[in-house]
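Excluded from the calculations below are hydrogen atoms, water molecules and symmetry mates; all remaining heavy atoms, backbone and side chain alike, are included. Keep in mind that what you see is a predicted model, and the values were worked out from it rather than measured.
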Amino acid sequence: MQVQRLSLPSYTLSPPNVSLSQQLSTKLLRLNPSSKSGFCSSLKRVSKSPTGLRTHGKFVAVTCGVAQEEDTDDGFYMRRCVVLARTAIGCTSPNPMVGCVIVKDGKVVGEGFHPKAGQPHAEVFALRDAGDLAENATAYVSLEPCNHYGRTPPCSEALIKAKVKRVVVGMVDPNPIVASRGLDRLRDAGIDVATCVEEELCKRLNEAYIHSMLTGNPFVTIRYSISVNGRFLDQLGEGAAKSGGYYSQLLQEYDAVILSPSSIMENVSIPASKEAGANQPLRIIIARNISSPIKISALTMEPTDKLMVFADKETSVELERAQTGIETVVFDQIRLSAILEYCNSQGMCSVLFDLKGNVSDFEEFLQDGIEQNLLQKIVVEVLPLWDENDVGNFPVALKDLSKKLKVENLQPKISNESVVLEGYL
């Protein structure tokens, strides 16, 4: 085997030109002491899409009507809503991430985000922050305010009670019990409502939630590493698993991660997000047709780690000593659809299919995912290595991927010396 490390060029991103109104808005936001996070660098303008309803079985997909020309500040504040919403990344499932900003006379008077399922929504926190200043103000919210009683009261009623003058919404909620009802309630109360501001950005924020609502299935992403000459690599790039690394952040975003038993036993530990306060995903080990027993006792686990073994009747799983957070589920036949059905029943909206370890463990599951359209996204880390090793060839199912699926909206980003590609299937 010959392995050669390659160097990648570094790039410096310069901020795009912004209008005077955006510069002023930026200064106002930075002077606001209630600001909780950084700023989104995206300067995407108001999105427009045709009006319409699409049905997916018993689910209804709602697309916004054509947005009117709005002040450029609308897009600016909506991007701030998205930044606030992402503060709770990995903590809100099965609820969406939502951010809200209250603006009056060109000044931010209140901000908030939804921190966790069961806790108040973003609008409530923002209105509390604004207090009496919310009256006759404009409320920006990344997702349509709810108009039903769940674990919390309707946010539409909170906005009406606060006497806001205008509500700007990023996207309509695809949840059938919400879709457009919140907007209708606000309009009925005499509030001016604008929709579809930075719609694509807001959709990307909650792509897993939206997919789950429209299809009833979890959003599935497959992740793997390759060399620059296309060889499958059973490794991560430098810094990827550390705090701030793309892999650490990726684990934080998903409700569950599917792992090979070989990747667990060889590393004697389970992958974990190193982000501060990260809500760790459920780790799912697929154990099927394995001759030697899987010995869970060797794993290094934290008390809060959650591990589940999906095994068939032919596989022996040994729990040599009691450990919290470990559960075994035995199937007559393990299929990817069955695993996803279980995740959905547990309220999980997103699953990361992590192709590490022995790739042959995943062949049939990948084939199922492709043929049944169960895979939505792909994340590929290209390491700066030239690998001439014939061992661990590329998974057969992925070799045929180009013949069956088209990868859309492929976007690159730099992760230390590696390039990470993200696209949609």
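- For Asn95 (side chain) and Ala117 (main-chain N/O), no donor-acceptor pair under 3.5 Å exists by modelled atom type.
- Between Arg166 and Asp192, at least one side-chain nitrogen of the basic residue sits less than 4.0 Å from a carboxylate oxygen of the acidic one, meeting the salt-bridge criterion.
- Neither side chain, Asp234 nor Tyr224, offers a donor N or O lying under 3.5 Å from an acceptor on the other.
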Practice problem: Start with the C-alpha distance between Cys100 and Glu111, add both sets of side-chain angles, then the distance that settles side chain to side chain contact (heavy atoms under 4.5 Å, CB included), and finish with yes or no. | Solution: CA-CA 6 Å; Cys100 181; Glu111 289 185 333; over 6 Å; no

Quiz item: Which is it for Gln346 and Asn344 under the side chain to side chain donor-acceptor pair (under 3.5 Å) test, yes or no, and what are the steps along the way?
Solution: CA-CA 5 Å; Gln346 300 300 307; Asn344 183 62; over 6 Å; no

Practice problem: Quick one: do Arg86 and Glu275 satisfy salt bridge (Lys or Arg N to Asp or Glu O under 4.0 Å)? Show the steps, please. | Solution: CA-CA 13 Å; Arg86 288 186 64 84; Glu275 305 309 303; over 6 Å; no

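- Ser142 approaches Leu205 most closely through the heavy-atom pair OG-CD2, 4.3 Å.
- At least one donor-acceptor pair closer than 3.5 Å links the side chain of Glu144 to the backbone N or O of Gly182.
- Cation-pi contact between Arg80 and Tyr77: absent, since separation from the ring centre below 6.0 Å together with deviation from the ring axis within 45° is not met.
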Exercise. Go through the steps for Lys161 and Glu157 under the test salt bridge (Lys or Arg N to Asp or Glu O under 4.0 Å), then give the verdict.
Key: CA-CA 6 Å; Lys161 184 178 180 180; Glu157 296 301 328; over 6 Å; no

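- Residues Tyr424 and Gln376 have side chains that never bring a donor and an acceptor to within less than 3.5 angstrom of each other.
- Counting all heavy atoms, side chain and backbone alike, Ala256 lies closest to Met348 at CB-SD, 3.8 Å.
- Using a 4.5 Å heavy-atom threshold, the side chains of Leu425 and Val407 count as touching.
- Aromatic ring centroids of Phe113 and Phe125 lie 6.0 Å or more apart.
- Closest heavy-atom contact between Glu123 and Leu143: OE2-O, 4.2 Å.
- Asp173 contributes atom CG, which lies 8.5 Å from atom SG of Cys146 (distance to the nearest 0.5 angstrom).
- Here Ser227 pairs with Asn229 under the side-chain hydrogen bond (donor to acceptor under 3.5 Å, both in side chains) rule; sequence neighbours left out.
- Using a 4.5 Å heavy-atom cutoff, the side chains of Asp368 and Ile370 are not in contact.
- Scanning both residues, Ser243 and Ser248, for their nearest heavy atoms gives CA-OG, 4.2 Å.
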Practice problem: Step by step, work out the side chain to side chain donor-acceptor pair (under 3.5 Å) result for Gln367 and Glu363. | Solution: CA-CA 6 Å; Gln367 199 68 37; Glu363 288 289 358; over 6 Å; no

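- Residue pairs meeting the salt bridge (Lys or Arg N to Asp or Glu O under 4.0 Å) criterion with at least one member in residues 208-224, sequence neighbours excluded: Arg223-Asp354.
- Leu259 is listed as a side-chain neighbour of Pro271, based on a closest heavy-atom distance under 4.5 Å.
- Evaluated for a side chain to side chain contact (heavy atoms under 4.5 Å, CB included) with Ile284, the options Ile339, Val309, Val351 yield exactly one hit, Ile339.
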Quiz item: Are Met97 and Ile89 close enough, and set up right, to give a side chain to side chain contact (heavy atoms under 4.5 Å, CB included), and what steps lead you there?
Solution: CA-CA 7 Å; Met97 292 177 284; Ile89 193 166; 4.0 Å; yes

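- Of all heavy-atom pairs spanning Ile160 and Ala189, the tightest one is CD1-CB, 3.6 Å.
- When all heavy atoms are compared, the tightest approach of Thr92 to His114 is CG2-O, 3.4 Å.
- A distance of 10.0 Å separates CG of Asn373 from CD of Glu371, quoted to the nearest 0.5 Å.
- Met78 CE to Glu199 CD: the interatomic distance, rounded to the nearest 0.5 Å, is 10.5 Å.
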Self-check item: Derivation of the side chain to side chain contact (heavy atoms under 4.5 Å, CB included) call for Phe310 and Ile285
Solution: CA-CA 6 Å; Phe310 280 46; Ile285 298 178; over 6 Å; no

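- Side-chain atoms of His211 and Asn217 include no donor-acceptor pair closer than 3.5 Å.
- By the 4.5 Å heavy-atom criterion applied to side chains, Leu383 and Ile226 are not counted as neighbours.
- With sequence neighbours excluded, no residue satisfies ring-ring contact (aromatic ring centres under 6.0 Å, His included) with Tyr254.
- With salt bridges taken as basic N to acidic carboxylate O contacts below 4.0 Å, none links Glu200 and Arg79.
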Practice problem: Apply side chain to side chain contact (heavy atoms under 4.5 Å, CB included) to the pair Val108 and Ile102, showing each step before the final yes or no. | Solution: CA-CA 6 Å; Val108 174; Ile102 310 294; over 6 Å; no

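- Rounding to the nearest 0.5 angstrom, the gap separating the NZ atom in Lys356 from the OG atom in Ser225 is 8.0 Å.
- Taking 4.5 Å as the limit, some side-chain heavy atom of Asn175 sits within range of a side-chain heavy atom of Tyr209.
- Side-chain polar atoms of Tyr140 and Asp74 form a donor-acceptor pair below 3.5 angstrom.
- A salt bridge does not link Glu207 with Lys203: none of the charged nitrogens is closer than 4.0 Å to a carboxylate oxygen.
- Neither side chain, Gln249 nor Glu253, offers a donor N or O lying under 3.5 Å from an acceptor on the other.
- Annotation: side chain of Ile258 is not in contact with side chain of Leu352 (no heavy-atom distance under 4.5 Å).
- Inter-residue side-chain proximity for Val141 and Cys81 is flagged as unmet; no heavy-atom pair is nearer than 4.5 Å.
- Formation of a donor-acceptor pair under 3.5 Å by the Thr138 side chain with backbone atoms of Val167 is not found in this model.
- Within 6.0 Å of the CD atom in Gln372, the count of heavy atoms belonging to other residues, nucleotides or ligands exceeds 12.
- Residues Pro384 and Ser418 have side chains in contact (heavy-atom distance under 4.5 Å, counting atoms from C-beta outward).
- Taking CD from Gln252 and OH from Tyr247, the interatomic distance works out to 13.5 Å, rounded to the nearest 0.5 Å.
- One distance of note links CD1 of Ile210 with CZ of Phe219; it measures 9.5 Å at 0.5 Å rounding.
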